[in-house]
A.B. asks: 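Pasting a structure here, questions to come.
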Amino acid sequence: MLKSSSLKPHSYEPTPANGLVAYFSMEIAIDPQMPTYSGGLGMLAGDTLRSAADLGTPMVAFTLVHRKGYFRQMLDAEGRQTEDAQPWNVEDFCVEQGPRVTVSLENRVVTLRAWSYDVVGRSGHLLPIFMLDTDLPENSDWDRSLTDHLYGGDSNYRLQQEILLGMGGVRMAHALGLPVNVYHMNEGHAALLTLALLEAQTGGGPLGQVTETDIEAVRRKCVFTTHTPVPAGHDRFSMEQSRRILGAERTARLEALGCCHEGLVNMTYVALRFSRYCNGVALKHGEVSQAMFPEYKVDAITNGVHGPTWVSAPFAELFDRHMASWRRDHLYLRNAIAVAHEELHEAHARAKESLLAEVASRTGLVLNPKVLTLGFARRAATYKRADLLFHDPERLMQIAQAAGGLQILYAGKAHPQDEPGKELIHSVIAKAKQYSGTDLRVVYLENYDWHLGAALTAGVDVWVNTPRRPYEASGTSGMKAALNGVPSLSILDGWWIEGCIEGVTGWAIEDGADDVAEAEALYAKLSTAVVPAYADPQHWARIMQTTIAFNGSFFNTNRMVKQYIRNAYYPVQLMELAAETAEVAHAG
Ligand SMILES: *Cc1c(COP(=O)(O)O)cnc(C)c1O
């Protein structure tokens, strides 16, 4: 038998009882009325915090206030995107906090305040989000604008925002008296928090005197999640920029500590260098990231989505009826396997009806609820290949005719500076026009956001995803669909490698050598598997059952947050696991 003393953590190791996790993210989707997010990264951050609150996790979060919001997308008749700012009233949602902290930027001193927003867990647990704000009279006009635009401005603006988030956030946590023992960097944007911790560790003394012990003290507190397998997706700044904005001494220190790469300050390397734990966001992404950073150990924790946020009202009612404990523990969704076929059809019909009503009110187009309807909504980045479905328009038309009609709903914003992304939207809309009045109906919906994302993932029949491998780190919209009994038809990349059970939770688009081959594979799967299954209501109900049972029960943040707690935040619990294993082995 193991003595209980052997389970005691080392004195330096953090435990949930003695402090908080501070989660840092440049964007967080907090509330549908607050435009403080751009897409998947912010949604993941929000869903993480919602589940952490549900689970009663001692945690706080830091982000920037983004007063001008992320943009509202407008599409003209030709499918050309233009953008509008979405200013919002911070006072209407958040409470101002008393402390002020300062950060130096380009040798100026900038003052920050924080606004708090409490995420309320299902049992009333409060998880405060602190939104940093420079809009104060003591700052210059330029500095007052630094917390206005999410991913706005040039790279100088970005670096200044990252200093405010990382260094300002750590100082604000101290000023608020928060007992933080784990700092979680959600993507490299927050990596400079490590520099603030290092300076606090050395008593604010000159960074030149940093010792290995100091670095180790910082590493013990930090964990890092990387989110992109695209090298250009990792935040990098020139040495000149860094010396000018962050300061010469700090830049020299980062360089000496191995945080620069190819002559640039690389935020991913900063985060890796100062973290005791690092992970990618799906198993495959963990492997790809491990190969990109062979000198560091990269683990994987697969993303999820927050169930109560993404399950439509008809399915929430159904789950409450059949497995009332699902809100507390999503593993109970496994029992969807026993829900009657008619009930699933009925719930989905209601979700589809409310989506089609939304489409009609936005566009005036009346779609047919009986017709197979595909959904494709995501950021209009070229690697996601929104136009792959149109590679061979005649073939697609034949499939639509044979199926008795086909409806495809699109949505997605292109970043204001992403011209190829905008061109992609334009080309999909041109196709949509070409098909109007045929068996194939294609609609591009404006201004993809939280509300539209929820309506689409719940209301379509099949969720389609066609990224170019291996660029999809995880993807989460297909997980929202799965929770609503909607199977995916997708390239085997990101989470879908783990989630696809062929014909059971959806279908894989076979890997091909190029776009042509993968478009062919998409048509083949659509015509030989999806269309026939949809034509058979019993078969389709079975797919809905197994999609919820296998994927809804797993690809959620209820499971994901528990994995972060066990593997990243408080790995001391791994010692318990090891002890249990030893006990079992001993007893056996
Ligand atoms: C879920 C969601 C995303 C992320 O979905 P992906 O599958 O990663 O593209 C982006 N934007 C909105 C509005 C969402 O709801």
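Just so you know, ligand 1 is whichever comes first in the structure, and atom 1 is the first atom listed for that ligand. Scope of the values below: all heavy atoms of this structure, side chains included, with no hydrogens, waters or symmetry mates.
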A.B. asks: Within the distance-only criterion (no hydrogens, no angle test), does the side chain of D148 pair as donor or acceptor with the backbone N or O of R67 below 3.5 angstrom?
C.D. replies: no
A.B. asks: Just by distance, no angles: are the side chains of H184 and T225 close enough, under 3.5 Å, to form a donor-acceptor pair?
C.D. replies: yes
A.B. asks: Could you list the atoms of ligand 1 found under 4.0 angstrom from a heavy atom of G39?
C.D. replies: 10 (C), 11 (N)
A.B. asks: Could you tell me the residue and atom name of the protein heavy atom closest to atom 10 (C) of ligand 1, and the distance to it rounded to 0.1 Å?
C.D. replies: G40 N, 3.5 Å
A.B. asks: For V305, is there any backbone N or O sitting under 3.5 Å from a side-chain donor or acceptor partner on T557?
C.D. replies: yes
A.B. asks: Minimum distance, heavy atoms only, to atom 5 (O) of ligand 1: which one of S477, A29, A381 is it?
C.D. replies: S477
A.B. asks: Run the numbers for me: atoms of ligand 1, each under 4.0 Å from some heavy atom of G475, listed by number.
C.D. replies: 7 (O), 8 (O)
A.B. asks: Taking 4.0 angstrom as the limit and counting only heavy atoms of D449, give me the atoms of ligand 1 inside it, by number and element.
C.D. replies: 13 (C)
A.B. asks: Considering only the protein, which heavy-atom contact is closest to atom 11 (N) of ligand 1, and what is its distance?
C.D. replies: Y448 CE2, 3.4 Å
A.B. asks: Looking only at distances, can you tell me whether any N or O atom of E472, backbone or side chain, sits closer than 3.5 Å to an N or O atom of ligand 1?
C.D. replies: no
A.B. asks: Report yes or no: do R158 and Q161 form a side-chain donor-acceptor pair below 3.5 Å?
C.D. replies: no
A.B. asks: Can you list the atoms of ligand 1 that are under 4.0 Å from a heavy atom of K480?
C.D. replies: 1 (C), 2 (C), 3 (C), 14 (C), 15 (O)
A.B. asks: Which heavy atom in V298 sits nearest to a heavy atom in Q290, and how many Å separate them?
C.D. replies: N-OE1, 2.7 Å
A.B. asks: For Y277 and D299, which I'm curious about, is there any donor-acceptor pair between the side chains at under 3.5 Å?
C.D. replies: yes
A.B. asks: Step through it carefully: locate the ring centre of Y269, locate the ring centre of F293, and say whether they are under 6.0 Å apart.
C.D. replies: yes
A.B. asks: Should the pair R559 and F554 be classed as cation-pi, given the thresholds of under 6.0 Å to the six-membered ring centre and 45° from the axis?
C.D. replies: yes
A.B. asks: Please say whether W310 places an N or O atom under 3.5 Å from an N or O atom belonging to ligand 1.
C.D. replies: no
A.B. asks: What are the atoms of ligand 1, with element, lying closer than 4.0 Å to any heavy atom of R378?
C.D. replies: 9 (O)
A.B. asks: Quick check on contacts: which atoms of ligand 1 are under 4.0 angstrom from a heavy atom of K384?
C.D. replies: 9 (O)
A.B. asks: Can you name the atoms of ligand 1, numbered from 1 with element, that are less than 4.0 Å from a heavy atom of T476?
C.D. replies: 1 (C), 4 (C), 5 (O), 6 (P), 7 (O), 8 (O)
